2 protein chains.
Amino acid sequence: MSRTLDEVAKSAGVSRSTVSRVINDHPSVSDETRAKVQAAIEQCGYRPNAVARSLATNRTNILGMVVPESVTKLFTDPYFPLMLRGATEACNRRGYHLILSLFTASVESSIMHDRIARSGYLDGLIAANASLDDKLIPGLFAEGIPFVNIGRHPDDRVNYVDVDNRGGARMATEHLVRLGHKRIAMIGGPADMTPAQDRLDGYLEVMSTHRLPASKGLIAEGDFTEAGGRAAMLELLAENPTAVFAASDSMAVGAVKAIRAQGLRIPDDVAIVGFDDIPSARTVDPELTTIRQPIERIGQLAVEMLINVIDGKAAEGNMAATQRFVLPTELIVRGSCGSS
Amino acid sequence: MSRTLDEVAKSAGVSRSTVSRVINDHPSVSDETRAKVQAAIEQCGYRPNAVARSLATNRTNILGMVVPESVTKLFTDPYFPLMLRGATEACNRRGYHLILSLFTASVESSIMHDRIARSGYLDGLIAANASLDDKLIPGLFAEGIPFVNIGRHPDDRVNYVDVDNRGGARMATEHLVRLGHKRIAMIGGPADMTPAQDRLDGYLEVMSTHRLPASKGLIAEGDFTEAGGRAAMLELLAENPTAVFAASDSMAVGAVKAIRAQGLRIPDDVAIVGFDDIPSARTVDPELTTIRQPIERIGQLAVEMLINVIDGKAAEGNMAATQRFVLPTELIVRGSCGSS
DNA sequence: TCCCTCCATGGAAGCGCTCTCAAGCCTATC
DNA sequence: GATAGGCTTGAGAGCGCTTCCATGGAGGGA
């Protein structure tokens, strides 16, 4: 089963070094020897031991994806699976493995940090939507671990991939304005998460451009969950908005329920736009007009960038220039706002 | 940053062996020495190198979760995230890491098999709902890798954790019978997946007990997705069922749409029961009566069992007795069947 | 024909840790 | 006071691989 280099070497009649060279595609091996060794490898059913290799090379080809506690509860949202799928797909293509770490309440987060950051198993890691006050990112800097954040981060040493949240929010709000709405409310996300901030900013920008009211009462904070959206909408309804922009589809779904619960119709009484374009945007009735973001692509890009960072670091002995990527969003018009 | 045992040893004025003993909580170290070493460890900021340790112990404390190609497309279903969350949580508690491998179309599956099974990084793995004709399980036996399957498997060497799919299906169907339905249709899952088989069996059992028709026309095969459920329901509608049991909530959601599209009302014209109790079971209108399964628990249990298997193997030098676990399901009554 | 260079290969020293074995010391027992 | 046994500790041999360095042989230029 688990044969070693030596055995293959013996069987091929060459030295261990030579077998190693063949395995690593080192150029200076004669074709003849190479063939002989290949045959021996084949015949022994040999596979290099990844752990030993890692010890020698100081590279594991394992990346970590850390989902901080602040967003763990969102894990059941279709957002994460999709992002994760993109990431694993990119890992597959690039010959990496992905270790998933969810911070859950059951484990002291300092322990998790330790285990993750210092286990020595990871070549680098992806911080999935760490919020601004997560201690994760400072910790990673302190440890000197290559990482990429998903979502922008003000620290300008941070590599990140983000989507154009602000632009998306602008499109959403503009769409409602274009439909003639004046009292447009917004259900935002947690203030410490940058996507929430950016989406709010986009909304405010458009409202102000059109000199529309965006008073305190028209803005409610949700937590990106359906229940949160529902609760927020209930508050907002007191202000009689004719339209709402929800910073996530999950919250929009909750809002739809709240609106219905008040006996109001969508889109006739209240129009609504979401954000994300998760599958359930088309499950609700009416289907949700929303802002689509390329979720899988985010995961993919994060992996690609991280590998670049790691390679760069290996090559130069220190971090290369900060890398950043902002992906575009897209307005998807469906039934929840009435005809466009 | 990355200090070694030797440095700590030097700093504490003891040998490398002693430091190693302290780290591994070996009993035969005097309290005095232990304290001295602890202090040195603290002071150096030393953390053992996991890779080196793994090489020496032949244990990585990494588990793999493999999602075969046959079910990868279901990954966006809330089922997987929940199961995954359960699994990672158990891993955290037990001090393990979890590598996630999704088979995606972009990578040759034989390569994936190789990478997964023989990388040497994994102490064992969890096969997530491998269908009967996946080559994954035979491959794992061939390699002698400890593993646990999620979902029953006919090979009686296979360790698995499953839910009582058949019992759940029985409850669902019984519920409809109790409500007076006679023409009860079923939307099944792919025939090669055991949960689909078991749910179908449960349905057939109840139908036959009550001498109700369960003709070919009343049974349609979906693929566990919403789109599949919708298509299946469209077929079934030709048979004028008054009730439907869908083998998954996603399919039930699709069925709801198909029913609505025909201008029929739920539950008045057609009652519907789902399976899983995923969050969107409560997003649709009316909320879905369904069979709840303890999804997170499945992931947790799979991890616990796997660790047992691994430990057992290490202790005895060969596989311990086959381990199996079947978790109960529960009927959740909501609006989609009318009043109970 | 001789010397230098280049290429293919082997030898051996690690990578950082664990763990067996042996040695040293101390206490208890007779 | 001598011996046996227990408790601590250190030395060193790996775990399986990579990689630097040295070696030997072949080929080319003078």
Side-chain angles (χ1 to χ4, degrees), chain A residues 1-41 44-62 95 115 118-123 314-315, chain B residues 1-41 44-62 95 115 118-123 314-315:
Chain A
M1 204 89 333
S2 102
R3 331 224 114 266
T4 75
L5 255 194
D6 272 307
E7 301 179 54
V8 176
K10 200 161 297 169
S11 143
V14 297
S15 77
R16 184 164 71 235
S17 316
T18 301
V19 179
S20 175
R21 286 193 191 94
V22 171
I23 287 165
N24 295 301
D25 277 325
H26 193 91
S28 70
V29 176
S30 71
D31 291 349
E32 188 194 1
T33 310
R34 187 178 301 273
K36 204 167 54 182
V37 172
Q38 298 280 28
I41 289 175
C44 295
Y46 170 77
R47 284 263 94 185
N49 175 315
V51 175
R53 195 179 235 184
S54 295
L55 183 60
T57 58
N58 202 26
R59 278 284 224 118
T60 58
N61 275 33
I62 299 180
R115 293 192 52 220
R118 319 180 67 183
S119 79
Y121 271 130
L122 305 179
D123 283 345
Chain B
M1 202 92 327
S2 104
R3 331 224 114 265
T4 75
L5 255 195
D6 273 305
E7 300 179 55
V8 176
K10 200 160 298 170
S11 141
V14 298
S15 76
R16 183 167 68 235
S17 315
T18 302
V19 180
S20 174
R21 286 193 191 94
V22 171
I23 287 166
N24 295 300
D25 275 324
H26 194 91
S28 69
V29 177
S30 72
D31 290 348
E32 188 194 2
T33 309
R34 188 180 300 274
K36 203 168 54 182
V37 173
Q38 298 280 27
I41 288 176
C44 296
Y46 171 78
R47 284 262 95 186
N49 175 314
V51 176
R53 195 178 233 184
S54 295
L55 183 59
T57 58
N58 202 26
R59 278 284 223 113
T60 58
N61 275 31
I62 299 179
R115 294 193 51 220
R118 318 180 69 185
S119 79
Y121 271 128
L122 306 179
D123 283 345

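Just so it is clear, the model here is predicted, and its values are computed rather than measured. Proteins get letters first, then strands, A, B, ... in listed order; numbering begins at 1 in each.
The side chain of A:Ala52 sits closest to D:dG16 out of C:dA8, D:dG16, C:dT18. With C:dG10, C:dT9, C:dG16 as the choices, the nucleotide that has an atom nearest any side-chain atom of B:Asn49 turns out to be C:dG16. Nearest nucleotide to the B:Thr18 side chain, out of C:dC17, D:dG10, C:dC19: D:dG10.
Distance CZ (A:Arg16) to P (C:dA13): 11 Å, rounded to an integer number of Å. Residue A:Asn58 contributes atom CG, which lies 13 Å from atom C1' of D:dC17 at whole-angstrom precision. Across the protein-nucleic acid pair, A:Glu32 atom CD and C:dC7 atom P stand 18 Å apart, rounded to whole Å. The interatomic distance linking B:Leu55 (CG) with C:dC19 (P) rounds to 12 Å, in whole Å. The CD1 atom of B:Ile23 sits 11 Å away from the C1' atom of C:dG16 (whole-angstrom rounding). Atom NZ in B:Lys10 sits roughly 15 Å away from atom C1' in D:dG10 (whole-Å rounding). C:dT9 atom P lies 8 Å from atom CZ of A:Arg21, rounded to whole Å. Atom-to-atom, NE2 of B:His26 to P of D:dT9 comes out at 11 Å; the value is rounded to the nearest Å.
Nucleic acid contact for A:Asn24: sugar-phosphate only, since backbone atoms but no base atoms lie under 4.0 Å from a heavy atom of the residue. Looking at heavy-atom distances under 4.0 Å, A:Ser28 makes contact with a base. A:Ser54 comes within contact range of no nucleotide atom at all, as no heavy-atom separation falls under 4.0 Å. The residue A:Val14 sits close only to the backbone: its heavy atoms come under 4.0 Å of sugar-phosphate atoms, none of a base.
The side chain of A:Thr4 places no N or O atom within less than 4.0 Å of a non-bridging phosphate oxygen (OP1 or OP2) of D:dG16. Contact check, B:Thr33 against D:dT8: no side-chain N or O comes under 4.0 Å of OP1 or OP2.
Here the straight-line distance linking atom CD1 of A:Ile41 with atom OG of A:Ser11 works out to 9.5 Å at 0.5 Å rounding. If you take CZ on A:Arg16 and CD on A:Glu7, they are separated by 12.0 Å, rounding to the nearest 0.5 Å.
Both B:Ala56 and B:Gly13 lie near DNA chain D, and the one whose nearest nucleotide falls closer to the 5' end is B:Gly13. Mapped onto DNA chain C by nearest heavy atom, A:Val29 and B:Ser20 fall at different nucleotides, with A:Val29 at the one closer to the 5' end.
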Report task. Evaluate the criterion side-chain contact (heavy atoms from CB on, under 4.5 Å) for residue pair A:Tyr121 and A:Ser54; output intermediate values, then yes/no. Result -> CA-CA 9 Å; A:Tyr121 271 130; A:Ser54 295; over 6 Å; no

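A side-chain donor-acceptor contact under 3.5 Å links B:Thr57 to the backbone of B:Arg53. Under a 3.5 Å cut-off, the side chain of A:Asn24 and the backbone N or O of A:His26 do not form any donor-acceptor pair.
Residue-to-nucleotide contacts include a donor-acceptor pair under 3.5 Å from the side chain of B:Ser17 to the base of D:dA11.
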